[in-house]
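Take a look at the structure set out below.
The structure presented is a predicted model; accordingly, all values stated were derived computationally and were not measured.
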Amino acid sequence: MARSESGMPTVVVSRRARPGCEQELERWLIRLVGLAAEAPGYVGAEVQGPTDDGPDDWTVVYRYETAAHLDAWLTSPERTILVAEGEGLVDGDAREQVVVLQREIDPVTAVISFRVDPTHRDDYAELHARISAAMSRAPGFVRTELFGPIEG
């Protein structure tokens with residue numbers, strides 16, 4: 001089944017570099033993307049380094065042909081081993097958002113993207129916190145996460 005890249009199951013993973021480990025983290029992420037490229041159903045990936053808004057954050061966007069392929073990559077023993085190898089390079093837990101744009105699994109993920117004027121980012125974060133608190137009272141709610149700006 002042919003789909004545009006924007007309609008493919010995608011995962012966005014953001015990690016914060018441990019101070020002094022920035023170059024080593026970049027090399028590790030390149031290895032991780034290389035391993036992902038060997039997985040069945042792999043379509044592509046982009047690595048975004050730190051930005052002014054996230055000076056220590058690295059973000060990787062992976063795309064797969066199907067949700068099953070994406071899930072197989074995310075739960076693969078090879079990925080698990082390589083992620084464990086990189087634990088000493090990151091500060092805190094990875095933030096991960098899976099976006100499945102086809103109906104293959106029961107859970108639902110909503111991704112909302114806004115362009116926020118840099119002078120109003122704190123206002124937006126406060127609004128997000130209020131919305132998240134309201135959503136947390138809804139039956140079936142699992143979690144919400146706010147990612148910083150991603151170029152493009």
Side-chain angles (χ1 to χ4, degrees), residues 5-102 104-116 118 121-122 124-133 135-136 138 140-152:
E5 284 191 12
S6 64
M8 293 186 174
T10 302
V11 63
V12 179
V13 183
S14 182
R15 293 177 170 86
R16 177 159 289 177
R18 186 168 297 223
C21 296
E22 295 83 1
Q23 291 179 341
E24 198 174 350
L25 178 66
E26 181 179 17
R27 288 190 296 271
W28 174 76
L29 287 172
I30 291 169
R31 285 180 51 214
L32 192 60
V33 168
L35 183 63
E38 297 174 10
Y42 173 85
V43 173
E46 293 86 38
V47 177
Q48 178 182 314
T51 64
D52 290 341
D53 295 311
D56 300 317
D57 293 341
W58 289 81
T59 302
V60 181
V61 178
Y62 300 94
R63 287 181 315 283
Y64 281 81
E65 291 177 354
T66 68
H69 284 123
L70 175 59
D71 186 56
W73 158 246
L74 291 174
T75 59
S76 70
E78 297 85 3
R79 179 179 184 266
T80 301
I81 290 167
L82 192 52
V83 166
E85 287 178 20
E87 284 180 6
L89 305 174
V90 296
D91 190 14
D93 293 330
R95 294 180 300 149
E96 191 171 283
Q97 181 66 54
V98 177
V99 182
V100 178
L101 300 175
Q102 60 187 20
E104 289 189 18
I105 58 175
D106 291 336
V108 175
T109 299
V111 177
I112 302 169
S113 176
F114 293 98
R115 291 185 189 271
V116 177
R121 288 198 179 131
D122 290 341
Y124 182 76
E126 182 182 321
L127 175 62
H128 179 267
R130 290 193 340 248
I131 292 170
S132 296
M135 289 188 322
S136 71
F141 174 80
V142 177
R143 69 183 170 101
T144 181
E145 196 158 353
L146 179 62
F147 284 86
I150 298 175
E151 288 184 26

Minimum heavy-atom separation for [X] to [Y], with atom names?
X: A17; Y: E22; answer: CB-CG, 4.0 Å
X: L32; Y: W73; answer: O-CH2, 3.8 Å
X: G88; Y: C21; answer: O-SG, 4.2 Å
X: T66; Y: P9; answer: C-CG, 3.4 Å

Please answer whether the main-chain N or O of E24 pairs with a side-chain N or O of E26 as donor and acceptor at a distance below 3.5 Å.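 No, because the side chain of E26 does not come within donor-acceptor range (under 3.5 Å) of the backbone of E24.
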
If only atom types and distance count, is the side chain of W28 paired as donor or acceptor with the main-chain N or O of L82 below 3.5 Å?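 Looks like yes, one N/O pair under 3.5 Å.
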
Set of salt bridge (Lys or Arg N to Asp or Glu O under 4.0 Å) partners for [X], sequence neighbours left out:
X: E126; value: R130
X: E85; value: R31
X: E96; value: R79

Could you tell me the separation between the CZ atom of R18 and the CG atom of D91, rounded to the nearest 0.5 Å? 6.0 Å

What distance separates T10 OG1 from L70 CG, expressed to the nearest 0.5 Å? 7.5 Å

So do [Y] and [X] actually touch side chain to side chain, heavy atoms under 4.5 Å?
X: V60; Y: V33; value: yes
X: L74; Y: Y64; value: no
X: Y42; Y: L35; value: no
X: T144; Y: H128; value: yes

Quick one: side-chain hydrogen bond (donor to acceptor under 3.5 Å, both in side chains) partners of T80, sequence neighbours excluded? none

Partner residues of V90 under the side-chain contact (heavy atoms from CB on, under 4.5 Å) criterion, sequence neighbours left out: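 Result, side-chain contact (heavy atoms from CB on, under 4.5 Å) vs V90: R15, L25.
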
Residues two or more places apart in sequence or in another chain: which of them pass side-chain contact (heavy atoms from CB on, under 4.5 Å) with D57? S14, R16, R95

